[in-house]
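Presented below is the structure to which this report refers.
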Amino acid sequence: GLSKPAILIPSPNVTGNHQYKNAVDLYNKNCCLLIEEKDLTIEKLNECIRLLITNYSYKKQMIYNLDNYYQNNPKNDFIKIIEGELC
């Protein structure tokens, strides 16, 4: 991961709604901000952007959580094993 704070707006039109499920997982771990498409307004988007720009400690915690999530993510471990086998 790039460890960059993000505002995720998952598409509800994806089979199995997996974009939303993945976004909620990251949101629940404080790795991103989440706006459901049905709730998307310019005001809500501005509020999220303002939070990331003005609240340094919140942004720093989100980056820490992202780093921790990707370092301890079993899927990431699996990818590393596969990459090791292919190289």
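Position 1 is the first residue of the sequence, and the numbers go up from there. In this text the structure is predicted, and so the values were computed from the model without any measurement.
Expressed to the nearest 0.5 Å, how far SG of C31 lies from CG of N68 amounts to 8.0 Å. To the nearest 0.5 angstrom, E47 atom CD is 11.0 Å from L52 atom CG.
For the side chain to side chain contact (heavy atoms under 4.5 Å, CB included) with I9, the lone residue among L33, D39, L40, L34 that qualifies is L40.
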Expected list for residues 16-26: side-chain donor-acceptor pairs under 3.5 angstrom, two or more places apart:
| residue | atom | partner | partner atom | Å |
| --- | --- | --- | --- | --- |
| H18 | ND1 | T15 | O | 3.0 |
| Q19 | OE1 | S11 | N | 2.7 |
| K21 | NZ | G16 | O | 3.2 |
| N22 | ND2 | H18 | O | 3.3 |
| D25 | OD1 | K29 | NZ | 2.5 |
| D25 | OD2 | Y69 | OH | 3.1 |

Please tabulate, for the side chains in residues 56-64, all donor-acceptor contacts under 3.5 angstrom to protein atoms that are two or more places apart in sequence or on a different chain.
| residue | atom | partner | partner atom | Å |
| --- | --- | --- | --- | --- |
| S57 | OG | N55 | OD1 | 3.0 |
| Y58 | OH | N30 | OD1 | 3.4 |
| Q61 | NE2 | N65 | OD1 | 2.9 |

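By the rule that hydrophobic residues join a cluster once side-chain heavy atoms approach within less than 4.5 Å of another member, I53 and I7 end up as members of one cluster.
Here the closest heavy-atom approach between residue K4 and residue L66 is recorded as O-CD1, 3.5 Å.
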